[in-house]
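Order of listing sets the numbers, starting from 1, for every ligand and every atom in it. Keep in mind it's a predicted model, so treat the numbers as computed, not measured. Side chains included, hydrogens not; waters and symmetry mates left out as well; all remaining heavy atoms used.
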Amino acid sequence: MPELRKDPIIGRWVIIATERAKRPDQFAGQQKEGPVTEKPCPFCPGQESQTPPEIYAVRRGTPANAPGWKLRVVPSIAPFLRIEGDLERRGKGLYDLMNGIGAHEVIIETNEHVANMADLSEEQISRVITCYIDRIIDLEKDKRFKYVLVFKNHGWVAGGGRIKHSRSQLIATPVNPKRVKEELVGARLYYDYHERCIFCDLLKQELASKDRLIIDIDGFIAITPFAARFPFEVWILPKKHSADFINLEVAQRMDLARIMKVVLAKLKIGLNDPPYNYVLHTAPFRRQKVGYWKSIDNDYHWHIEIMPRLTRVAGFEWGTGFYICSLPPEDAAKFLREVKV
Ligand SMILES: [Zn+2]
Ligand SMILES: [Zn+2]
Ligand SMILES: [Zn+2]
């Protein structure tokens, strides 16, 4: 059973992956590029038996776990957290821990063996967006979970593994992730003072100045953030205020797909298909501690953060929590604006 452990000083939870633990010597000399696999891709049609049984699929009339689908969701074959069991929150002296309960799912975005989401059609990306929403709504029913993080690892350096078939993942966690909590707290403080959403204010300012604006289409904008942590870090935000991604209307999903495709294509073309991660930051499930989350629908604003992995986080970052970004976000935005897609 994996374990969730809390750092007693700063309150950060970590997952200690006991089951997929490596031997210490397996960390030595990690390769830059993954080995090429000879086996057929387990995410392609016809290989359904290579994955655990599907949880969700977009298919027309074909039986589950058989070909004839457009998108599939399966449990991770090497989950970071386990779906079965109770949390059993407990203390050991000054240390807090609980069982590593959670859901870890893989969203196979397409039935075509395509590596980069940038090469999917807008229709297919909008199917992926609908799938994210459907899965979050389903996992919210499990009272053990407080948050679902949707993310993507593209390329070996970004944790994308050796199989080059476009997919994203989600992990439902029994605690709120620290990074999300920091955003929630910051947004609430701003709202308490100004009675306005900080993200809405930021949007207005970025649209007015245009210094960091990459694209503004169909109710969404893509910008490089003022305090970017990484070169070419990009945020995508809905222009209309909304705390919770699951409220995205069907008509807007195609618009979000369109801007995601443009941004990912700009990164692919402009930077020679770099490895990247993206995360979806949305409001946590709002059922516990009603008082605490009272203003969340007003003060939080969902967004997607895309982080190309062109530099490495090193000693100073680890020691301080400061990031050193070797490219001004204004220069990154200008570059990306000019990449033709
Ligand atoms: Zn494939
Ligand atoms: Zn807002
Ligand atoms: Zn965020």
Side-chain angles (χ1 to χ4, degrees), residues 34 36-51 54 67 69-74 77 106-117 119-120 124 147-152 154 160-168 176-207 219-230 233-245 247-248 252 277-284 295-307 323 329:
V36 191
T37 175
E38 298 294 318
K39 287 186 216 154
C41 170
F43 302 122
C44 273
Q47 300 299 320
E48 290 79 6
S49 63
Q50 304 300 310
T51 63
E54 66 198 36
W69 48 273
K70 289 202 161 99
L71 176 154
R72 284 179 90 216
V73 180
V74 297
I77 206 153
V106 178
I107 296 127
I108 306 164
E109 296 164 359
T110 169
N111 55 12
E112 288 171 271
H113 193 72
V114 168
N116 196 325
M117 193 186 218
D119 298 319
L120 302 186
Q124 191 65 21
Y147 199 80
V148 174
L149 185 82
V150 173
F151 62 100
K152 174 187 270 293
H154 172 76
R162 64 182 75 169
I163 302 155
K164 292 180 165 51
H165 189 127
S166 190
R167 60 197 182 277
S168 24
N176 274 315
K178 183 174 167 61
R179 181 83 77 205
V180 176
K181 227 184 219 172
E182 284 169 352
E183 284 187 4
L184 292 168
V185 169
R188 191 179 49 158
L189 279 174
Y190 187 91
Y191 188 83
D192 284 349
Y193 192 73
H194 300 277
E195 291 188 29
R196 293 193 307 269
C197 163
I198 187 165
F199 293 93
C200 285
D201 278 5
L202 181 151
L203 265 156
K204 252 179 243 153
Q205 189 168 328
E206 295 297 343
L207 279 167
F220 291 89
I221 65 164
I223 56 164
T224 55
F226 175 72
R229 290 160 294 176
F230 310 101
E233 177 175 351
V234 177
W235 292 3
I236 295 175
L237 303 105
K239 283 159 88 171
K240 197 171 137 216
H241 178 81
S242 171
D244 202 330
F245 181 70
N247 295 330
L248 188 66
Q252 295 174 285
N277 299 105
Y278 73 59
V279 298
L280 167 67
H281 276 164
T282 183
S295 64
I296 203 162
D297 285 295
N298 298 318
D299 63 38
Y300 195 60
H301 193 124
W302 72 261
H303 55 276
I304 295 170
E305 300 182 14
I306 306 170
M307 291 150 284
Y323 287 89

**Student:** Kindly say whether Leu248 contributes a backbone atom to a donor-acceptor pair with the side chain of Gln252 at under 3.5 angstrom?
**Tutor:**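 The answer is no, because no donor-acceptor pair under 3.5 Å joins these two groups.
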**Student:** Taking His241 for its side chain and Asp297 for its backbone only, find out whether a donor-acceptor pair lies under 3.5 Å.
**Tutor:**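 Indeed, once roles are kept as given, a pair shorter than 3.5 Å links the two residues.
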**Student:** Using atom types as modelled and distance alone, determine if a side-chain donor or acceptor of Lys152 lies under 3.5 Å from a backbone N or O of Arg167.
**Tutor:**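 Flag set: sc Lys152 to bb Arg167 pair under 3.5 Å.
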**Student:** For the residue pair Ile296 and Arg188, establish whether any side-chain heavy-atom pair is separated by less than 4.5 Å.
**Tutor:**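 With C-beta onward as the side chain, the pair stays apart.
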**Student:** Tell me which N, O or S atom of His281 sits nearest to the Zn ion (ligand 3).
**Tutor:**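 Atom name of the closest N, O or S in His281: ND1.
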**Student:** Which angle, to the nearest 10 degrees, do you find at the Zn ion (ligand 2) between SG in Cys197 and ND1 in His301?
**Tutor:**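 Centred on the Zn ion (ligand 2), the SG/ND1 angle is 110° (to 10°).
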**Student:** Among the N/O/S atoms of His241, which is closest to the Zn ion (ligand 2)? Give the atom name.
**Tutor:**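 The closest N, O or S atom of His241 to the Zn ion (ligand 2) is ND1.
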**Student:** Are the side chain of Tyr147 and the backbone of Thr282 linked by a donor-acceptor contact shorter than 3.5 Å?
**Tutor:**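 Present.
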**Student:** Which N, O or S atom name in Glu305 marks its closest approach to the Zn ion (ligand 3)?
**Tutor:**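 The Glu305 atom nearest to the Zn ion (ligand 3), restricting to N, O or S, is OE2.
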**Student:** Could you go through Trp69 and Glu54, starting from their C-alpha distance and side-chain angles, then the distance that decides it, and tell me whether this counts as side-chain hydrogen bond (donor to acceptor under 3.5 Å, both in side chains)?
**Tutor:** CA-CA 11 Å; Trp69 48 273; Glu54 66 198 36; 5.9 Å; no
**Student:** Going by the rule ring-ring contact (aromatic ring centres under 6.0 Å, His included), which residues pair with His303 if we only count those two or more places apart in sequence or in a different chain?
**Tutor:**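 With sequence neighbours excluded, His303 shows a ring-ring contact (aromatic ring centres under 6.0 Å, His included) to Phe199, Trp235, His281, given in chain and number order.
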**Student:** Using salt bridge (charged side-chain N to carboxylate O under 4.0 Å, His left out), reason through Arg179 and Glu305 one step at a time and then give a plain yes or no.
**Tutor:** CA-CA 12 Å; Arg179 181 83 77 205; Glu305 300 182 14; over 6 Å; no
**Student:** OE1 (Glu183) to the Zn ion (ligand 3) to NE2 (His303): angle, nearest 10 degrees?
**Tutor:**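 It is 90°, given to the nearest 10°.
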**Student:** Quick one: name the protein N/O/S atoms under 2.8 Å from the Zn ion (ligand 1), chain by chain.
**Tutor:**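 Protein N/O/S atoms under 2.8 Å of the Zn ion (ligand 1): Cys41 SG, Cys44 SG, His113 ND1, His165 ND1.
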